[in-house]
Enquirer: 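Sharing a structure with you now.
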Amino acid sequence: MLGGRLLHGGDYNPDQWLAYPEIFEEDVRLMKEANVNCVSLGIFAWASLEPEEGRYEFDWLDHIITRLGEEDIQVVLATPSGAMPHWLTQKYPEVMQVQADGRRNLPGKRHNFCYTSPVMRTKTAAIDRALARRFGKRKNVILWHISNELGGNFGDSTCHCELCQEAFREWLKRKYKTLENLNNAWWNHFWSHTYTDWSQIHSPGPYGETTSTALVLDWRRFSTEQISDFCEMEIRTVKEESDIPATTNFMDFFKGLDYNRLKKDLDIISWDSYPFWHEQKDEVPAAVRTAANHSVMRALKKAPFLLMESTPSAISWRNSNPLKRPGMHMLASMQAIAHGSDSVQYFQWRKGRGGYEKFHGAVLDHKNGADTRTFREVTEVGARLGKLGDAVDGTVNRPKAAVIFDWENWWAVEDTQGPRLDLDYTQWVLSHYRAFWEAGIEADLVNMDADLSGYSLVSAPLNYMYKDGYAERVREFVSGGGIYVTTCFCGEVNETDLCFLGHHPLEDVLGIVPEEIDAPSEEFENRFAYGGAEYPARELCAVVRAKEQTEILSAYEKDFYAGCPAVTRNAFGKGKAYYLAAGSGQEFLRAFYRDVFAEAGLNNALGAELPYGVTVTERTGEDGRKLVFVMNFRNEPVRVEGVGKWTDAESGETYEGYLELEPFRCMILR
């Protein structure tokens with residue numbers, strides 16, 4: 001574990017309170033009371049750290065880091081590029097982003113900088129280097145926090161300035177070598193879009209080209225590359241003077257950046273989690289989405305990650321922002337630990353008096369100090385984490401199942417024109433992942449480049465694009481004994497959005513021949529039967545032919561493709577491949593995956609059937625240690641039957657045959 005313990009604390013912004021010197025000592029006292037052992041410093045402090053160009057004011061930060069060290073509070077130290085001071089944007093307006101319509105941003109907001117700008121890179125490196133020289137070897141500084149939520153400038157993560165246009169062209173030259181290769185890969189003879197000079201290429205924009213799906217796809221790839229390169233520049237700079245690890249905080253299913261690229265130079269993955277708890281009385285959808293994000297973060301490096309931000313109470317930026325009900329803060333915090341986090345951190349420690357996030361939840365409110373429900377609940381979380389550290393140390397989740405979640409496929413499938421324009425890739429992935437979650441079967445969320453050899457079961461919903469080498473990896477996985485599940489609208493195009501010709505790349509593995517795909521309206525919803533029950537076929541309905549050896553487990557019942565396969569299974573080598581021809585509801589996926597889990601020999605760590613709203617995860621160590629987390633996301637007591645004999649890892653109490661969980665409770669068992 002980083003720092004030798006489960007981290008508990010969060011964003012601390014004393015730079016906002018420099019005019020109130022008495023508050024700092026109060027903060028330190030209350031941090032100790034709340035069992036805070038780590039804070040993040042300097043995330044948006046550039047203007048306080050460098051009030052004028054080249055004049056650094058670090059003494060205030062030095063005092064805070066030193067004082068925190070005296071109290072055994074560790075520090076995650078940020079580079080401040082997330083928000084630029086006004087002297088910088090006034091003197092060097094070229095550092096600000098240009099929108100797709102050609103307009104340069106005005107000063108303000110966050111992350112409003114061009115990732116290509118030499119000036120921005122020079123100024124950022126200068127302050128990063130100065131911070132590293134002053135603080136990079138401090139005993140209680142344990143991690144570099146590079147910038148903040150990269151790409152999150154209330155937009156699409158891109159800059160369209162001339163510097164970025166030229167960098168994009170150079171990136172394309174390296175990738176395609178010749179214009180002929182690019183024109184062929186992008187199918188530019190369509191609508192006479194053939195380029196005859198590299199300078200003719202421009203990023204997609206509202207008053208220009210947006211209909212070339214390959215252009216849009218490569219622009220997104222390039223933008224990820226530029227942001228990743230900027231992040232790597234910051235990491236290289238601070239590590240000139242410091243050998244502590246580095247992270248940058250990711251976000252919930254953030255479409256703008258491919259985190260599989262951004263992860264490469266990071267030592268530790270971290271992310272900011274803000275679920276919409278209590279949006280509805282059924283908390284399962286929010287719990288599933290949060291679990292899926294945790295699974296993405298853990299799977300990026302197959303290692304523990306950090307929950308860098310969460311809220312101890314309410315957020316402030318949705319239309320409605322309910323308070324966490326009693327018990328939910330503890331459960332949400334333990335959910336992160338259960339899925340592989342080694343921390344619970346908050347944004348932020350103390351609410352600001354003004355500005356955009358003055359009503360965003362914090363450990364300390366504007367009033368009442370420690371005498372609040374939020375403070376008491378945070379204190380309880382910190383105390384629990386402190387006792388769990390030794391048990392959790394060296395453990396992580398090691399699933400035998402995976403769900404394919406690929407950013408490039410996400411971009412491609414939602415940008416393509418037809419068969420529907422309302423496809424929601426993340427929702428398709430989440431609906432399949434939810435079947436795993438409900439059964440307590442853990443799954444990594446991995447991209448198409450992942451090594452599949454360690455899994456028994458791989459699910460690939462709405463896998464429209466096949467990246468180079470993917471079909472071969474799936475073929476090897478199934479032939480070696482793996483079980484593979486995929487759906488309609490899979491394997492349609494290659495990496496540049498060109499349709500495959502002749503036959504489906506995995507026709508032999510899936511045992512089907514796709515012919516057409518229907519996108520029915522609600523009035524033309526179809527039906528199919530599976531396992532003795534009827535289910536809807538909607539959104540997308542592929543019309544396919546089954547090969548001679550392929551088992552047809554279900555067929556459409558209505559319309560002109562009645563009798564065509566709806567669910568198939570094909571033996572290939574030592575394994576099996578399932579094809580789901582139609583979109584359906586959660587009821588079907590629940591029933592279908594129950595059978596697939598049994599065939600794959602997968603069960604949850606309790607070996608029990610779980611009531612609705614209850615799920616299970618397991619963290620294991622290389623030495624064989626196991627911790628099983630049982631979580632109840634219902635606001636009512638539940639009883640889990642048939643669990644065998646277990647010992648409570650915290651209380652030492654023994655349970656046999658059944659477990660009783662209070663509302664919003666997480667039990668940890670050995």
Side-chain angles (χ1 to χ4, degrees), residues 7-45 47-48 60-61 63-65 67-68 70-71 73 75-76 78 83 110 148 272-279 307-334 343-386 635 663-664:
L7 302 180
H8 182 238
D11 280 26
Y12 182 39
N13 299 289
D15 48 294
Q16 298 176 20
W17 297 91
L18 293 179
Y20 304 82
E22 71 281 1
I23 280 182
F24 174 58
E25 283 302 324
E26 181 187 24
D27 282 336
V28 173
R29 177 179 63 81
L30 293 176
M31 284 176 189
K32 297 296 289 183
E33 187 175 332
N35 299 304
V36 164
N37 59 30
C38 182
V39 297
S40 304
L41 285 173
I43 294 173
F44 298 119
S48 297
W60 64 269
L61 183 59
H63 170 66
I64 288 167
I65 291 174
R67 183 72 184 89
L68 292 172
E70 291 169 355
E71 298 294 339
I73 297 174
V75 170
V76 175
R110 302 183 300 179
N148 180 74
D272 300 344
S273 176
Y274 295 103
F276 203 159
W277 301 121
H278 318 309
E279 178 186 17
L307 177 60
M308 189 60 74
E309 289 184 22
S310 61
T311 179
S313 53
I315 59 168
S316 62
W317 35 265
R318 292 190 179 107
N319 288 337
S320 64
N321 298 290
L323 294 172
K324 282 182 175 176
R325 292 175 176 269
M328 180 51 83
H329 178 56
M330 177 65 78
L331 177 58
S333 299
M334 297 314 298
S343 74
V344 175
Q345 304 273 82
Y346 310 115
F347 181 85
Q348 57 182 324
W349 166 252
R350 179 185 286 274
K351 284 184 179 179
R353 291 194 67 188
Y356 184 73
E357 293 181 304
K358 62 183 177 291
F359 293 121
H360 193 294
V363 179
L364 293 182
D365 206 339
H366 299 123
K367 308 174 185 71
N368 304 318
D371 189 18
T372 65
R373 179 174 69 97
T374 295
F375 188 89
R376 288 188 288 273
E377 291 190 350
V378 166
T379 301
E380 290 169 2
V381 170
R384 191 174 187 183
L385 294 179
N635 196 9
F664 299 149

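Residue numbers count from 1 along this sequence.
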Enquirer: Should the pair E33-R376 be classified as a salt bridge under the 4.0 Å nitrogen-to-oxygen rule?
Expert: no

Enquirer: Locate the shortest heavy-atom distance separating G9 from V36; write the atom from each residue and the value.
Expert: CA-CG1, 3.8 Å

Enquirer: My understanding is that only one of H329, R373, H278 makes a side chain to side chain contact (heavy atoms under 4.5 Å, CB included) with L323; could you say which?
Expert: R373

Enquirer: Examine distances only and state if a side-chain atom of K324 and a backbone atom of A332 form a donor-acceptor pair shorter than 3.5 Å.
Expert: no

Enquirer: Check step by step if side chain to side chain contact (heavy atoms under 4.5 Å, CB included) holds for M330 and E377.
Expert: CA-CA 7 Å; M330 177 65 78; E377 291 190 350; over 6 Å; no

Enquirer: If you look only at pairs with a residue in residues 353-367, which of them pass as a salt bridge (Lys or Arg N to Asp or Glu O under 4.0 Å), with sequence neighbours excluded?
Expert: K351-D365

Enquirer: Is L41 close to I65 at the side-chain level, that is, under 4.5 Å between some pair of heavy atoms?
Expert: yes

Enquirer: Would you mind reporting whether H366 and F359 have side-chain heavy atoms less than 4.5 Å apart?
Expert: yes

Enquirer: Looking at CD1 of I43 and CG of N148, how far apart are the two atoms once the value is rounded to the nearest 0.5 Å?
Expert: 5.5 Å

Enquirer: So, taking the atom named CG in L307 and the one named CG in L7, what distance separates them when rounded to the nearest 0.5 Å?
Expert: 10.5 Å

Enquirer: Decide whether D27 and W349 meet the rule of one side-chain donor and one side-chain acceptor closer than 3.5 Å.
Expert: yes

Enquirer: Indicate the ring-plane relationship of H360 and F347, choosing parallel, tilted or perpendicular according to the 30° and 60° boundaries.
Expert: perpendicular

Enquirer: Working to the nearest 0.5 angstrom, can you tell me the gap between L364 CG and M31 CE?
Expert: 8.0 Å

Enquirer: Please confirm whether the backbone N or O of R318 pairs with a side-chain atom of N321, one donor and one acceptor, at under 3.5 Å?
Expert: yes

Enquirer: Are I64 and V75 close enough that some pair of their side-chain heavy atoms sits under 4.5 Å apart?
Expert: no

Enquirer: I want to check something: taking the side chain as every heavy atom from C-beta on, are N37 and I73 in contact at a cut-off of under 4.5 Å?
Expert: no

Enquirer: Will you find, in the side chains of D11 and Q345, an N or O donor that is under 3.5 Å from an N or O acceptor?
Expert: no

Enquirer: Please lay out, stage by stage, how F375 and S313 fare under the test side chain to side chain contact (heavy atoms under 4.5 Å, CB included).
Expert: CA-CA 9 Å; F375 188 89; S313 53; over 6 Å; no

Enquirer: Below 4.5 Å, heavy atoms only, C-beta onward: do R325 and F664 meet side chain to side chain?
Expert: yes

Enquirer: Are the side chains of Y274 and E309 in touch, meaning some heavy atoms are under 4.5 Å apart?
Expert: yes

Enquirer: Look up atom NE2 in H8 and atom OG in S343, then write down how far apart they are to the nearest 0.5 Å.
Expert: 10.0 Å

Enquirer: What heavy-atom pair brings L18 and S48 nearest, and what distance separates the two atoms?
Expert: CD1-OG, 4.3 Å

Enquirer: V39 and V76: side chain to side chain contact (heavy atoms under 4.5 Å, CB included), yes or no, with the steps?
Expert: CA-CA 6 Å; V39 297; V76 175; over 6 Å; no

Enquirer: How long is the span from the OG atom in S333 to the CZ atom in R384, to the nearest 0.5 Å?
Expert: 9.5 Å

Enquirer: Identify whether the distance between the nearest side-chain nitrogen and carboxylate oxygen of R67 and E25 falls below 4.0 Å.
Expert: yes

Enquirer: Indicate the atoms forming the closest heavy-atom contact of P322 with A314, along with that distance.
Expert: O-CB, 3.7 Å

Enquirer: With a 4.5 Å heavy-atom cut-off, do M334 and V381 have their side chains touching?
Expert: no

Enquirer: Looking at side-chain heavy atoms only, is the closest gap between Y346 and Y12 below 4.5 Å?
Expert: no

Enquirer: Let me confirm one number: the CG-CD distance from L385 to E380, rounded to the nearest 0.5 Å.
Expert: 12.0 Å

